[in-house]
Amino acid sequence: QVQLVESGGGLVQAGGSLRLSCAASGRTFSKFYMGWFRQAPGKEREFVSVINWSGGSTNYADSVKGRFTISRDNDKNTVYLQMNSLKPEDTAVYYCAASNGRGITDVADRYDYWGQGTQVTVSS
């Protein structure tokens, strides 16, 4: 079992930055691929970014490419999402997820564990 706890959300003006953190506990964190997803009101959950176990491979949704950066610190059992140049359309609940050996994937069903989410609100 893996427990995931997100933090770092909040209210920010358009053009601003936030860094989300996801702290993991339980089974060996370094073996999991870690992803970030988001869900805006009235919309389906969508993929944001994913990072492999070593941090050497990442992938991003086109909507955040060049603005968001995913990283991880396996010594701290934590994955991060640095979000720059935020836009109102980035407003959503952001979820951290862990995938056990299913590779770099943007498919939510391939993630085994999920956090409770953290709210990000970007004002115009």
Side-chain angles (χ1 to χ4, degrees):
Q1 192 75 3
V2 173
Q3 292 80 41
L4 304 173
V5 179
E6 302 96 335
S7 61
L11 173 64
V12 64
Q13 289 188 333
S17 299
L18 283 173
R19 187 176 81 155
L20 305 183
S21 299
C22 173
S25 60
R27 295 176 62 184
T28 306
F29 173 76
S30 61
K31 294 184 178 180
F32 287 84
Y33 287 58
M34 300 298 297
W36 286 96
F37 289 76
R38 66 186 182 185
Q39 187 167 18
K43 295 187 177 181
E44 293 187 354
R45 189 171 298 189
E46 67 172 357
F47 167 77
V48 175
S49 185
V50 61
I51 190 167
N52 74 334
W53 65 272
S54 70
S57 183
T58 60
N59 194 25
Y60 297 90
D62 287 342
S63 58
V64 307
K65 201 169 293 184
R67 300 188 298 121
F68 291 11
T69 303
I70 191 171
S71 62
R72 67 189 295 162
D73 185 335
N74 287 340
D75 290 335
K76 296 182 177 179
N77 284 5
T78 302
V79 63
Y80 305 97
L81 186 68
Q82 178 67 44
M83 305 187 296
N84 298 329
S85 301
L86 283 161
K87 305 175 181 179
E89 51 263 44
D90 294 318
T91 295
V93 177
Y94 283 70
Y95 298 90
C96 169
S99 172
N100 189 3
R102 303 188 187 193
I104 293 286
T105 179
D106 58 2
V107 179
D109 288 347
R110 295 184 180 176
Y111 287 80
D112 303 288
Y113 304 99
W114 291 83
Q116 294 300 306
T118 184
Q119 176 71 47
V120 171
T121 303
V122 185
S123 64
S124 57

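What's counted below: heavy atoms across the whole structure, side chains too, no hydrogens, waters or symmetry copies. One is the number of the first residue; the rest follow in order along the sequence.
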Nearest 0.5 Å, what's the [atom1]-[atom2] distance between [X] and [Y]?
X    : Y    : atom1 : atom2 : answer
S30  : D75  : OG    : CG    : 9.5 Å
E46  : R38  : CD    : CZ    : 4.5 Å
L18  : N84  : CG    : CG    : 9.5 Å
Q13  : T121 : CD    : OG1   : 13.0 Å
Y111 : N100 : OH    : CG    : 12.0 Å
S99  : D109 : OG    : CG    : 11.0 Å

I'd like to check [X] versus [Y] (side-chain heavy atoms, cut-off strictly below 4.5 Å). Are they in contact?
X    : Y    : answer
L20  : F68  : no
W36  : C22  : yes
F47  : V107 : no
T91  : Q119 : yes
F37  : D106 : no
T78  : Y80  : yes
N52  : T58  : no
V120 : V122 : yes

| message | Taking atom NZ as the centre, does K65 end up with more than 12 heavy-atom neighbours from other residues, nucleotides or ligands that are less than 6.0 angstrom away? | response |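 Buried by this count: over 12 neighbours within 6.0 Å.
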When hydrophobic residues are tied together by side-chain contacts of less than 4.5 Å, even through go-betweens, does [X] share a cluster with [Y]?
X   : Y    : result
M83 : V93  : no
F32 : V50  : no
V64 : I104 : no
V12 : Y94  : yes

| said: With a 3.5 Å distance limit and no angle check, can you tell me whether S49 reaches the backbone of N59 through a side-chain donor-acceptor pair? | reply: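 Yes.
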| request: Could you tell me whether a side-chain N or O of Q116 sits under 3.5 Å from a main-chain N or O of E6, the two making a donor and an acceptor? | output: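 Such a contact is absent between Q116 side chain and E6 backbone.
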Atom of [X], atom of [Y] and distance for their closest heavy-atom approach:
X    : Y    : value
N74  : F29  : OD1-CE2, 3.1 Å
W114 : A108 : CZ2-O, 3.5 Å
L11  : S123 : CD1-CB, 4.3 Å
A24  : V2   : CB-CG1, 4.4 Å
V79  : I51  : CG2-CG2, 4.1 Å

| task | Begin from the C-alpha positions of Q3 and S25 and carry the test side chain to side chain donor-acceptor pair (under 3.5 Å) through to its verdict. | result | CA-CA 5 Å; Q3 292 80 41; S25 60; 3.2 Å; yes
| task | Before giving the answer on side chain to side chain contact (heavy atoms under 4.5 Å, CB included), spell out for S124 and E89 the whole-Å C-alpha distance, their side-chain angles and the decisive distance to 0.1 Å. | result | CA-CA 10 Å; S124 57; E89 51 263 44; over 6 Å; no
Under 6.0 Å from the ring centre and within 45 degrees of the ring axis: does the NZ or CZ of [X] meet both conditions for the six-membered ring of [Y]?
X   : Y   : value
R45 : Y95 : yes
R72 : W53 : no
R67 : Y60 : no

